[in-house]
A.B. asks: 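One structure, as structure tokens, below. Some questions next.
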Amino acid sequence: MRNITLENITQAVIEHGDGGKSHPRLYEVYTSLIRHLHAFVREVNLTEQELSLLRDFIIRADRYTKEIPNGEIHMLLDLLGISELVVLLHNQNSTATESNLEGPVYVPDAPERNMGDRLGIDEDGNTLFLSGHVLDLNGKPIANALLDVWQSNSKGLYDLHDPSQAKGNFRGRFRTKSDGRYTFETVVPVGYTIPSSGPCGEVLQLLGRHTQRAAHIHFKLSAAGYIPLTTQIYIDGDPHLDSDTTFAVRSAIVKLQKHEAPDKLKAYNQSKPFYTTEFDFVLHPTNTP
């Protein structure tokens with residue numbers, strides 16, 4: 001198209017193609033994105049200097065970093081609330097356990113562990129025994145459900161960020177038995193500061209936003225005949241439950257019960273006070289609206 005002007009450039013970009021014949025859904029998303037992006041540029045009167053800064057930010061966010069090996073784009077979408085917004089759009093009015101964002105530190109093929117095993121090694125952490133059931137919408141147990149679990153240690157560090165931890169520490173996959181029950185030993189997670197030495201951290205600082213995540217444990221659940229579930233459970237009492245920097249705290253919040261009586265210590269083979277809590281996951285069948 002010749003003679004591009006301020007008035008016709010947006011439509012020119014949209015019409016540069018086959019009008020969605022090849023990929024209708026892609027074209028639908030693309031055209032809406034172009035309209036909104038162009039409207040944004042017009043609304044803020046974006047300057048060439050600001051555009052240059054934006055290019056630099058995206059390039060740096062996509063680079064390999066020590067803190068975020070795959071780059072910061074995934075984390076950026078979480079920090080902008082986009083990841084959680086997409087979850088919320090597609091997780092409404094269901095009695096199943098609420099979905100939640102995956103986060104940028106999930107690693108597939110975590111070590112397979114036996115039910116009841118310890119999830120990771122951390123001599124400084126407070127021991128937590130977490131248990132519950134995987135159920136269907138009618139409260140019946142789901143056997144052979146796979147729980148893929150990952151969390152930070154008691155210092156708020158994942159194995160990806162902490163060279164002192166072995167690969168796969170505080171990651172594991174468990175399978176439920178016929179009663180749908182799961183149980184494993186771990187440590188009480190703590191809230192932590194997200195990796196903030198890169199461009200995402202710079203922007204948060206400029207905006208006066210903090211970089212704290214509330215204490216949580218990640219889960220991915222799957223079972224034959226059920227919709228896979230990615231979610232998080234949060235620890236009650238964390239000071240950032242109401243201001244988590246990824247906007248991901250919802251209703252899955254558990255209270256921890258502390259045990260320090262001698263008989264309890266003996267029963268759980270513990271030498272110092274420890275904690276327990278329970279949480280039941282409910283999965284939605286694939287053939288139910």
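Everything quoted here is computed from the prediction, not taken from an experiment.
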A.B. asks: With the side chain counted from C-beta on, respond yes when Thr276 and Leu256 share a heavy-atom pair under 4.5 Å apart, and no when they do not.
C.D. replies: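 Contact flag for Thr276/Leu256 side chains = no.
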A.B. asks: Passes side-chain contact (heavy atoms from CB on, under 4.5 Å), Leu147 versus Arg173? Steps please.
C.D. replies: CA-CA 5 Å; Leu147 294 90; Arg173 290 182 292 167; over 6 Å; no
A.B. asks: At what distance, to the nearest 0.5 angstrom, does CG of Leu76 lie from CD1 of Ile82?
C.D. replies: 7.0 Å
A.B. asks: Judged by modelled atom types alone, do Ser243 and His210 share a side-chain donor-acceptor pair under 3.5 Å?
C.D. replies: yes
A.B. asks: Quick one: do Thr95 and Val282 satisfy side-chain contact (heavy atoms from CB on, under 4.5 Å)? Show the steps, please.
C.D. replies: CA-CA 8 Å; Thr95 54; Val282 179; 5.6 Å; no
A.B. asks: Do any N or O atoms from the side chain of His16 and from the backbone of Ala12 form a donor-acceptor pair under 3.5 angstrom?
C.D. replies: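 Between the backbone of Ala12 and the side chain of His16 there is no qualifying donor-acceptor contact (under 3.5 Å).
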A.B. asks: Would a distance-only check, ignoring hydrogens and angles, find a side-chain to backbone donor-acceptor pair under 3.5 Å from Asp280 to His133?
C.D. replies: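 Answer holds: yes.
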A.B. asks: Under a 3.5 Å cutoff, is there a donor and acceptor pairing between the side chains of Thr245 and Gln212?
C.D. replies: no
A.B. asks: Is there a path of hydrophobic side-chain contacts, each under 4.5 Å between heavy atoms of I, L, V, M, F, W or Y residues, that connects Ile253 with Phe247?
C.D. replies: no
A.B. asks: Do you know the tightest heavy-atom contact between Val134 and Ala145?
C.D. replies: CG1-CB, 3.9 Å
A.B. asks: Which pair of heavy atoms, one from Ala214 and one from Val249, lies closest together, and at what distance?
C.D. replies: CB-CG2, 4.2 Å
A.B. asks: I want to check something: taking the side chain as every heavy atom from C-beta on, are Ile194 and Leu79 in contact at a cut-off of under 4.5 Å?
C.D. replies: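 Yes - at least one pair of side-chain heavy atoms lies under 4.5 Å apart.
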A.B. asks: How far apart are the C-alpha atoms of Glu278 and Leu130, what are their side-chain angles, what is the distance that settles it, and do they pass the side-chain contact (heavy atoms from CB on, under 4.5 Å) test?
C.D. replies: CA-CA 6 Å; Glu278 293 199 2; Leu130 178 57; over 6 Å; no
A.B. asks: Look up atom CG in Asp179 and atom NZ in Lys177, then write down how far apart they are to the nearest 0.5 Å.
C.D. replies: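 Those atoms lie 9.5 Å apart.
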A.B. asks: Can you measure from OG1 (Thr183) to CG (Asp117) and round to the nearest 0.5 angstrom?
C.D. replies: 10.0 Å
A.B. asks: Would you please indicate yes or no on a ring centroid separation below 6.0 angstrom for Tyr158 and Trp150?
C.D. replies: no
A.B. asks: If hydrophobic clusters are built by linking Ile, Leu, Val, Met, Phe, Trp and Tyr wherever their side-chain heavy atoms come under 4.5 Å apart, do Ile142 and Leu135 end up in the same one?
C.D. replies: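 No, no single cluster joins them.
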A.B. asks: For residues 265-274, run the donor-acceptor check on the side chains, cut-off 3.5 Å, and write out each pair with its distance to 0.1 Å, sequence neighbours left out.
C.D. replies:
from, atom 1, to, atom 2, distance (Å)
Gln270, OE1, Thr127, OG1, 3.4
Gln270, NE2, Tyr268, O, 3.1
Lys272, NZ, Gly125, O, 3.4

A.B. asks: Look only at the side chain of Arg175 and the backbone of Glu112, and say whether a donor-acceptor pair between them is shorter than 3.5 Å.
C.D. replies: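 Side chain of Arg175 to backbone of Glu112, a donor-acceptor pair under 3.5 Å: no, none is there.
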A.B. asks: Considering all heavy atoms of both residues, which atom of Asp159 and which atom of Ala166 are nearest to each other, and what is their separation?
C.D. replies: CB-O, 3.6 Å
A.B. asks: To check you understand the geometry: which heavy-atom pair defines the closest contact between His74 and Glu102, and what is its length?
C.D. replies: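 For His74 versus Glu102, the nearest heavy atoms are CE1-OE2, 4.3 Å.
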A.B. asks: Between the side chain of Asn8 and the main-chain N/O of Thr5, is any donor-acceptor distance below 3.5 Å?
C.D. replies: yes
A.B. asks: Take the angle between the ring planes of Tyr30 and Tyr27 and call it parallel below 30°, perpendicular above 60°, tilted in between.
C.D. replies: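 Tilted: the ring planes of Tyr30 and Tyr27 meet at 30° to 60°.
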A.B. asks: Mind listing the closest non-hydrogen atom pair of Leu283 and Ala223 along with its distance?
C.D. replies: CD1-CB, 4.1 Å
A.B. asks: Decide whether Thr186 and Gln151 meet the rule of one side-chain donor and one side-chain acceptor closer than 3.5 Å.
C.D. replies: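 Result is yes, a qualifying pair exists.
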A.B. asks: When the ring centroid of Phe184 is compared with that of Phe174, is the distance short of 6.0 Å?
C.D. replies: yes
A.B. asks: If you measure only the distance, is there a donor-acceptor pair under 3.5 Å linking the side chains of Ser131 and Arg181?
C.D. replies: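 Yes, side-chain donor-acceptor contact under 3.5 Å.
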A.B. asks: Under the side-chain hydrogen bond (donor to acceptor under 3.5 Å, both in side chains) rule, what do Asp148 and Tyr106 come out as? Steps first, then yes or no, please.
C.D. replies: CA-CA 10 Å; Asp148 194 341; Tyr106 172 68; 2.9 Å; yes
A.B. asks: Picking from Glu72, Glu202, Arg55, what satisfies side chain to side chain contact (heavy atoms under 4.5 Å, CB included) with Arg60?
C.D. replies: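 Considering Glu72, Glu202, Arg55, a side chain to side chain contact (heavy atoms under 4.5 Å, CB included) with Arg60 is found only for Glu202.
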A.B. asks: If you group Ile, Leu, Val, Met, Phe, Trp and Tyr by side-chain heavy-atom gaps below 4.5 Å, do Ile59 and Ile73 land in one group?
C.D. replies: no
A.B. asks: Just so I know, are the side chains of Val203 and Leu207 near enough to count as touching, which here means a heavy-atom distance under 4.5 Å?
C.D. replies: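 Side chain of Val203 against side chain of Leu207, heavy atoms only: contact under 4.5 Å found.
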A.B. asks: Heavy atoms, side chains only, cut-off 4.5 Å: are Leu6 and Arg42 in contact?
C.D. replies: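 With C-beta onward as the side chain, the pair touches.
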A.B. asks: For Asp242, does the CG atom have more than 12 heavy-atom neighbours from other residues, nucleotides or ligands under 6.0 Å away?
C.D. replies: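 At most 12 heavy atoms, drawn from other residues, nucleotides or ligands, come within 6.0 Å of this atom.
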A.B. asks: Decide whether Phe219 and Val188 are clustered together by the hydrophobic rule: side chain heavy atoms of Ile, Leu, Val, Met, Phe, Trp, Tyr closer than 4.5 Å, transitively.
C.D. replies: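 Yes, it is one cluster - the side chains of Phe219 and Val188 are joined through contacts under 4.5 Å.
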A.B. asks: What distance do Leu80 atom CG and Met75 atom CE have between them, rounded to the nearest 0.5 Å?
C.D. replies: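 Nearest 0.5 Å value for the CG-CE distance: 10.5 Å.
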A.B. asks: Would you say the side chains of Thr47 and Glu50 form a donor-acceptor pair under 3.5 Å?
C.D. replies: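 The criterion, which ignores hydrogens and geometry beyond distance, is satisfied for Glu50 and Thr47.
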A.B. asks: Ignoring hydrogens and angles, write down the donor-acceptor pairs under 3.5 Å from the side chains of residues 226-241, residues two or more places apart or on other chains.
C.D. replies:
from, atom 1, to, atom 2, distance (Å)
Thr230, OG1, Lys220, NZ, 3.3
Thr231, OG1, Glu98, O, 2.8
Gln232, OE1, Arg213, NH1, 3.3
Gln232, OE1, Arg213, NH2, 3.2
Gln232, OE1, Tyr234, OH, 2.8
Gln232, NE2, Leu101, O, 2.9
Tyr234, OH, Arg213, NH2, 2.7
Tyr234, OH, Ala248, O, 3.4
Asp236, OD2, Lys255, NZ, 2.7
Asp238, OD1, His240, N, 2.8
Asp238, OD2, Ala215, N, 3.0

A.B. asks: Within the structure provided, determine whether Arg250 and Leu88 are in side-chain contact (heavy-atom separation under 4.5 Å).
C.D. replies: yes
A.B. asks: How close do Tyr192 and Ser152 get, counting heavy atoms only, and between which atoms?
C.D. replies: CD2-OG, 3.9 Å
A.B. asks: Cluster question for you: counting only ILVMFWY and a side-chain heavy-atom cut-off of under 4.5 Å, with indirect links fine, are Val254 and Tyr275 together?
C.D. replies: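 Yes: a chain of side-chain contacts under 4.5 Å links Val254 to Tyr275.
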A.B. asks: Would you indicate whether Ile121, at its atom CD1, is surrounded by more than 12 heavy atoms from other residues, nucleotides or ligands within a distance under 6.0 Å?
C.D. replies: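 Not buried by this count: 12 neighbours or fewer within 6.0 Å.
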A.B. asks: Among Leu89, Asn100, Asp244, whose side chain to side chain contact (heavy atoms under 4.5 Å, CB included) with Glu84 holds?
C.D. replies: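 Filter result, single survivor: Asn100.
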A.B. asks: Using a 4.5 Å cut-off on heavy atoms from C-beta on, say whether the side chain of Leu128 contacts that of Val187.
C.D. replies: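 SC-SC contact between Val187 and Leu128 ruled out.
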A.B. asks: Is the distance between the ring centroids of His218 and His216 under 6.0 Å?
C.D. replies: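 Yes, ring centres under 6.0 Å apart.
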A.B. asks: Please round to the nearest 0.5 Å and tell me the distance separating atom CG of Asp162 and atom CZ of Phe170.
C.D. replies: 10.5 Å
A.B. asks: Between the side chain of Arg118 and the main-chain N/O of Gly120, is any donor-acceptor distance below 3.5 Å?
C.D. replies: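 Such a contact is found between Arg118 side chain and Gly120 backbone.
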A.B. asks: For Leu206, enumerate each residue passing the side chain to side chain contact (heavy atoms under 4.5 Å, CB included) test, keeping only those at least two apart in sequence or located in another chain.
C.D. replies: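 Leu206: no side chain to side chain contact (heavy atoms under 4.5 Å, CB included) contacts found.
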A.B. asks: Enter the distance from Thr31:OG1 to Glu15:CD here, rounded to the nearest 0.5 Å.
C.D. replies: 11.0 Å
A.B. asks: Check step by step if side-chain contact (heavy atoms from CB on, under 4.5 Å) holds for Ile217 and Val149.
C.D. replies: CA-CA 7 Å; Ile217 301 175; Val149 189; 3.7 Å; yes
A.B. asks: Can a side-chain donor-acceptor contact be found between Asp122 and Ser154 if the only test is distance below 3.5 angstrom?
C.D. replies: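 Present: a donor and an acceptor within the cut-off.
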